[in-house]
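The structure under discussion appears below in the form of structure tokens.
Just so we're on the same page: letters track the sequence lines, and every chain starts at 1.
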Amino acid sequence: MSAAESMDSEIDRSNMKVSANEVAIDILGMNKWYADFHVLRDINLRVMKGERIVIAGPSGSGKSTLIRCINRLEEHQKGKIIVDGIELTNDLKRIDEVRREVGMVFQHFNLFPHLTILQNLTLAPIWVRGTPKAEAEETAMHYLERVKIPEQAAKFPGQLSGGQQQRVAIARSLCMNPKIMLFDEPTSALDPEMVKEVLEVMISLAESGMTMLCVTHEMGFARQVANRVIFMDQGQIIEQNEPEAFFHSPQHERTKLFLSQILH
Amino acid sequence: MSTDNGIFYIRETEAERLPPPGRSTGVVYWLRANLFSSISNTILTIVTVLFLFWLLPLVYNFLIGKAVFTGTMDDCRVETFGACWVFVARRVNFMLYAFYPIDQYWRPNLVFFILLALVIPLLMPKVPFKLANLIAFLVVFPIVAFILLVGGVFGLEHVPTEKWGGLMLTLVISVVGVCGSFPIGILLALGRRSNLPIFKTLSILTIELWRAVPLITVLFMASVMLPLFVPQGFTVDKLLRAMIGVTIFYGAYMAETIRGGLQALPRGQYEAASALGLNYWKSMIFVVLPQALKFVIPGIVGNFISLVKDTSLVSIIGLFDLLNAINAAGSDAEWASPTKAFTGYAFAIGVFFVLCFSLSRYAKYMEDRLNTGHKR
């Protein structure tokens with residue numbers, strides 16, 4: 001169906017192991033309102049280390065808001081979110097601690113246009129982690145090679161294609177050596193031809209055993225890579241299952257309707 | 001090959017790559033494209049040319065043609081309408097330094113050259129040691145300049161600020177105002193967008209209060225009212241009060257300009273910086289401000305230019321800035337001549353134009369340089 005489908009055979013599952021006892025993210029009875037509007041309703045979700053979760057659902061269902069709560073770009077009003085053993089409260093120090101360990105990739109890349117690609121990648125390691133410049137640049141080049149664009153290091157983001165920018169954005173997050181990666185519709189703003197190159201990078205990241213939460217409409221990616229698909233509607237998690245079961249025997253009427261619309 | 005009506009046109013062979021159309025340059029082409037492209041444009045061009053034919057000779061005759069360059073003031077009193085450059089030449093010291101002691105002129109001169117030596121490399125992007133240069137300019141230079149200009153230590157004669165004046169005073173107020181109002185503006189702008197109610201309220205109050213009064217009122221307040229509020233026998237230098245007034249006044253304007261830049265920055269930039277774990281100040285310094293300030297360079301420079309020009313308002317509280325010094329320079333009957341005042345003002349126009357136009361050109365250069373091609 002999508003670009004990821006054709007790459008099924010190449011996926012190397014040897015490092016994709018879900019931990020049985022190490023919890024990466026724990027969300028307990030979480031609620032969020034935008035003024036009077038109840039966007040997230042009683043969310044309970046436990047993500048184990050090494051899980052690859054795809055969050056699907058119609059637009060406005062709260063899936064982006066959910067993952068943006070995990071690194072506190074959005075504040076929740078009720079319930080608990082514990083990331084890597086740290087509970088998210090108003091304590092700014094803890095929030096920064098969490099953000100250091102959680103990488104995020106945005107729909108619109110959000111690279112820093114005034115910095116070169118290399119500077120985009122080294123900014124946070126140097127100023128947040130205190131990594132020496134030379135070492136940070138070495139790491140940056142390593143990840144640029146991993147996303148297959150080392151030759152663009154000296155350019156500015158505005159000179160790159162959308163797909164290249166998104167790969168740089170992924171590399172930028174990886175330079176912080178995160179334990180968890182959040183993807184907020186990473187391919188939605190890309191031309192179909194560029195979706196594939198970004199998905200390839202995401203697949204190779206999954207192969208390396210990274211804990212990933214992806215909000216995406218790439219159902220092919222979900223099938224191949226995810227170990228769990230979560231379906232959200234109107235701010236609630238209404239169904240979750242392994243991809244095979246999720247796609248072939250959805251339980252909820254809303255899920256059936258959604259899948260019938262996007263799978264053609 | 002196309003079909004019947006061209007609607008279903010499909011190319012069957014590869015199209016040849018053609019050279020680009022010839023570049024349209026040349027004087028005649030330029031004239032036609034810019035000056036005579038339509039009837040109304042042609043009329044405008046002709047009217048403008050006629051106007052210039054009338055104006056330029058007048059200006060030329062006044063400034064150069066009929067002007068008196070050498071001789072004595074008596075030569076200026078003959079019945080022609082030309083500039084009296086003799087007056088400017090003879091009184092130039094007063095216009096530059098006012099009442100600063102003549103034998104101490106080397107001190108403001110030295111400060112001026114140190115200023116140039118620090119600012120010029122600072123403004124040239126390719127010169128290295130930017131941080132050291134910046135520290136020298138913002139920390140060391142003010143101290144050195146203060147000691148040199150005021151004196152009273154190291155065997156330097158004490159020169160009270162009442163004796164300062166002329167272009168020197170204008171430059172002192174301008175440099176202090178520009179260097180002071182910029183950081184104040186940044187802090188007020190950030191404060192106004194802060195989530196902490198106390199900073200937000202204080203910033204809004206400061207900005208709105210200072211923007212709501214005219215600069216002249218601020219200066220009057222500083223010079224007349226302020227001494228009434230401070231304890232007896234405690235005086236703050238009048239020049240210092242004026243400088244603080246000008247600085248905060250323009251800081252408030254700067255804040256609103258910079259806030260415009262902060263608001264123009266997409267939210268994604270703030271979010272990406274946060275998501276990488278950069279704290280508030282680091283994300284402001286490395287991500288937000290470089291971009292936000294770049295957006296508003298035209299506005300910031302506009303503020304700088306009005307600041308430089310508004311320094312002449314300090315004359316109303318009795319300070320002798322360039323304009324006031326030029327006025328005072330000719331007040332004695334010895335300098336009476338029909339065109340003395342016009343000549344003085346022409347000189348003032350020239351000096352202010354050089355100052356403000358260089359600011360504007362430098363800003364243009366920086367804008368082009370900072371354009372990293374993300375505007376498509």
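Neither the backbone nor the side chain of A/Leu92 comes within less than 4.5 Å of any heavy atom of chain B. Looking at A/Arg68, only its side chain comes within 4.5 Å of chain B, counting heavy atoms on both sides. For chain B, no part of A/Val98 is nearby; none of its heavy atoms comes within less than 4.5 Å. Using a 4.5 Å cut-off between heavy atoms, A/Phe106 contacts chain B through its side chain alone, with no backbone atom that close.
For residues 254-269 of chain B, a heavy-atom distance under 4.5 Å to chain A picks out B/Arg267, B/Gly268, B/Gln269, given by residue number. When the heavy atoms of residues 191-212 of chain B are compared with those of chain A, none of the residues falls under 4.5 Å. Among residues 172-189 of chain B, no residue has any heavy atom closer than 4.5 Å to a heavy atom of chain A.
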B/Leu278 and A/Leu123: side-chain contact (heavy atoms from CB on, under 4.5 Å), yes or no, with the steps?
CA-CA 9 Å; B/Leu278 292 163; A/Leu123 180 72; 3.8 Å; yes
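The environment of CZ in B/Phe112 is sparse: at most 12 heavy-atom neighbours from other residues, nucleotides or ligands sit within 6.0 Å. In this structure, A/Lys49 places its NZ atom where only 12 or fewer heavy-atom neighbours from other residues, nucleotides or ligands lie under 6.0 Å away.
The line from CG of A/Asn71 to CG of B/Leu276 is 10.0 Å long, rounded to the nearest 0.5 Å.
Residues B/Val288 and A/Phe112 form no side-chain contact, since every pair of their non-hydrogen atoms from C-beta on lies 4.5 Å or further apart.
Within the 3.5 Å criterion, the main-chain N or O of A/Trp127 finds a donor-acceptor partner in the side chain of B/Lys282. Between the side chain of A/His114 and the backbone N or O of B/Phe286 there is at least one donor-acceptor pair closer than 3.5 Å.
Every residue two or more places apart in sequence or in another chain was checked for a salt bridge (Lys or Arg N to Asp or Glu O under 4.0 Å) with A/Arg99, and none qualifies.
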